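Please read these numbers as outputs of a predicted model, since none were measured by experiment.
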Amino acid sequence: MDSARLRTSYGTTFVLLLLLSTTQAAKSLSQVNQFMAPQNAARIAVRMRPLVWDAKLARYAKWYANQRRKDCALTHSNGPYGENIFWGSGKGWKPSQAAVAWVSERKWYDYRSNSCAGGQVCGHYTQIVWRRTKRIGCAKVVCDGKRGVFMTCNYDPPGNYIGQKPY
């Protein structure tokens, strides 16, 4: 598939996922599917196999999310897995919105140079589409004191190795 068609295909997928994440349809999806659907769509768009939900990773993600419940700090766990984290104010955030936010970094990633556009972040996206990553586990907590929502996804094997392309 040429790059123009891939971008069009990816763009269409992204728009559909964005609509899904902000409509009534998102409410009917399980939390697991809300985390996974946008991320697996991003992987399929670059011809990577979908991630598989892993209970061990989900337990780790839940354990770490619970550590952030009191302060809602946007801080990584520094654990053994790849990790994406998200924070949003208020309590109405859905897992699909966190996943779509990470996937949307695709627009800042340049495959040829294997880098993000100047001043932009794209490492959440590259972790999602990392070729060797096979498993995912995620969690969401509403933080104490109305501080917002903290979400995390953990990936195994981890990705984002300096000097290596994700796919």
Notebook entry, point to check: Quick one: does Thr75's side chain get under 4.5 Å of Tyr64's, heavy atoms only?
Noted result: yes
Taken to the nearest 0.5 Å, the spacing of Cys138 SG from Asp54 CG works out to 10.5 Å
(Q) Less than 3.5 Å apart, any donor N or O on the side chain of Ser115 or Asp110 sitting next to an acceptor on the other? (A) no
Report yes if some heavy atom in the side chain of Ile136 is under 4.5 Å from a heavy atom in the side chain of Asn154; otherwise report no.
no
Phe86 and Trp93: CA distance, side-chain angles, deciding distance, ring pair (Phe, Tyr, Trp, His ring centres under 6.0 Å) verdict:
CA-CA 10 Å; Phe86 174 93; Trp93 292 93; 5.2 Å; yes
Do Tyr60 and Thr152 pair up side chain to side chain, a donor and an acceptor below 3.5 Å, judged on atom types alone?
no
**Report entry** Axial cation check for Phe150 ring with Lys140, 6.0 Å and 45° limits
**Finding:** no
Chi angles and distances behind the side-chain contact (heavy atoms from CB on, under 4.5 Å) call for Arg43, Leu51:
CA-CA 8 Å; Arg43 289 181 64 85; Leu51 298 171; 3.4 Å; yes
**Asked** Thr126 versus Cys116: any side-chain heavy-atom pair under 4.5 Å?
**Response** no
Which of Asn84, Thr133, Asn160 passes side chain to side chain donor-acceptor pair (under 3.5 Å) with Tyr155? Answer is Asn84
* Same cluster (ILVMFWY, side-chain, under 4.5 Å), Tyr125 and Phe35 -> yes
Decide whether Gln127 and Tyr81 meet the rule of one side-chain donor and one side-chain acceptor closer than 3.5 Å. no
How about Glu83 and Cys153: do any of their side-chain heavy atoms sit closer than 4.5 Å? no
* To do: Determine the interplanar angle of the Tyr167 and Tyr111 rings, folded into 0 to 90°, and report it as parallel if under 30°, tilted if 30 to 60°, perpendicular if over 60°.
  => parallel
Residues at least two apart in sequence or cross-chain that pass side chain to side chain contact (heavy atoms under 4.5 Å, CB included) with Val121, listed by chain then number, are Glu105, His124
- [ ] Could you tell me whether Asp144 and Arg147 make a salt bridge, using a distance below 4.0 angstrom between a side-chain N and a carboxylate O?
- [x] no
